[in-house]
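Treat the numbers as computed from the prediction; the structure is a model and nothing was measured. Scope of the values below: all heavy atoms of this structure, side chains included, with no hydrogens, waters or symmetry mates.
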Amino acid sequence: MITLMHTCRPLLAGLGEAGASPFVRTLPWAGPAGTPRSPAPAREVPAALDPEELAAADGVVFATAGATPHLASSAAAMLAGTAPLWAARQLEDRVVTGFTTAEGPAGEEVLSGLLRAACHWGSVLLPGPRPGAADPAALHALGIRMGGLAARAPSRVMAAQAT
């Protein structure tokens, strides 16, 4: 089974090659109580997202799966929770990109929802691969571009993974 975290590896390698210090955070489960979820293997579960880390990151990569044209509940809850950071103008000028493993119209809707939020923050959008494209070479190249654009001393780029 290829997990979303596995898909992020080439992107993280590209970020590192560009001089960034990438780190991965997972979004806490925000589904209805009692709804089953399929957790990734323990070795691949990143730490939970801390809003202070989001505010300190020079760039953000949104990565999410999707089978419907709706944001994962964890992604929607994270975006709603950024209101205090947005109000304090702490998310402006971040380089933001994203990708989804969902293909077709569902993937396009999921990705556009994430990137609309980044526009609302005042971020600089970096086009990523087309929805559903999990090509390792394309993600590696995206990591290099992202790391170069987010370059500050030192550059910290966060990948937020919706589960």
Side-chain angles (χ1 to χ4, degrees), residues 3-31 37-66 70-102 110-129 131 134 136 139-163:
T3 65
L4 191 58
M5 188 61 222
H6 176 79
T7 304
C8 287
R9 287 190 180 124
L11 182 127
L12 296 172
L15 285 166
E17 284 178 31
S21 300
F23 59 100
V24 178
R25 296 296 180 256
T26 191
L27 303 177
W29 176 247
R37 67 182 273 221
S38 176
R43 66 182 173 8
E44 292 194 34
V45 176
L49 176 67
D50 176 353
E52 295 302 316
E53 287 180 316
L54 180 61
D58 296 318
V60 178
V61 178
F62 290 120
T64 185
H70 304 287
L71 286 176
S73 58
S74 56
M78 183 277 296
L79 292 174
T82 63
L85 297 174
W86 168 80
R89 302 180 76 142
Q90 292 181 310
L91 299 174
E92 290 181 353
D93 301 323
R94 299 290 185 288
V95 178
V96 177
T97 191
F99 71 94
T100 178
T101 56
V110 168
L111 192 56
S112 66
L114 291 169
L115 297 180
R116 271 193 306 271
C119 287
H120 186 71
W121 291 348
S123 299
V124 177
L125 297 183
L126 175 64
L139 291 174
H140 185 262
L142 176 61
I144 292 171
R145 286 194 323 267
M146 178 78 173
L149 287 173
R152 294 184 186 172
S155 181
R156 290 178 39 88
V157 179
M158 179 188 74
Q161 173 183 330
T163 56

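Taking each heavy atom of G148 and A18 in turn, the nearest pair found is N-CB, 3.8 Å. Residues P136 and P10 share a closest heavy-atom pair of O-CB, 3.3 Å. When all heavy atoms are compared, the tightest approach of A63 to C8 is CB-SG, 3.9 Å.
Atom CZ of residue R116 and atom CG of residue L111 lie 10.0 Å apart, to the nearest 0.5 angstrom. Expressed to the nearest 0.5 Å, how far CG of L91 lies from CG of L85 amounts to 5.0 Å. E52 contributes atom CD, which lies 9.5 Å from atom CG of L54 (distance to the nearest 0.5 angstrom). Distance CG/L115 to CZ/F62: 7.5 Å, rounded to 0.5 Å. Going from atom CG of L11 over to atom CD1 of I144 covers 10.0 Å, rounded to the nearest 0.5 Å.
Judged as a side chain to side chain donor-acceptor pair (under 3.5 Å), and not counting sequence neighbours, Q90 has no contacts. For the side chain to side chain contact (heavy atoms under 4.5 Å, CB included) test, residues two or more places apart in sequence or in another chain that qualify with L126 are V95, T97, L142, R145, M146, L149. Remark: S123 pairs with no residue by the side chain to side chain donor-acceptor pair (under 3.5 Å) rule, at least two apart or across chains.
Contact of the L79 side chain with the L114 side chain is registered, since non-hydrogen atoms from C-beta on lie closer than 4.5 Å.
Ring-plane geometry between H120 and W86 is classed as parallel, the angle between the planes falling under 30 degrees on a 0 to 90 degree scale with a further cut at 60.
No side-chain donor-acceptor contact under 3.5 Å links R94 to the backbone of V60.
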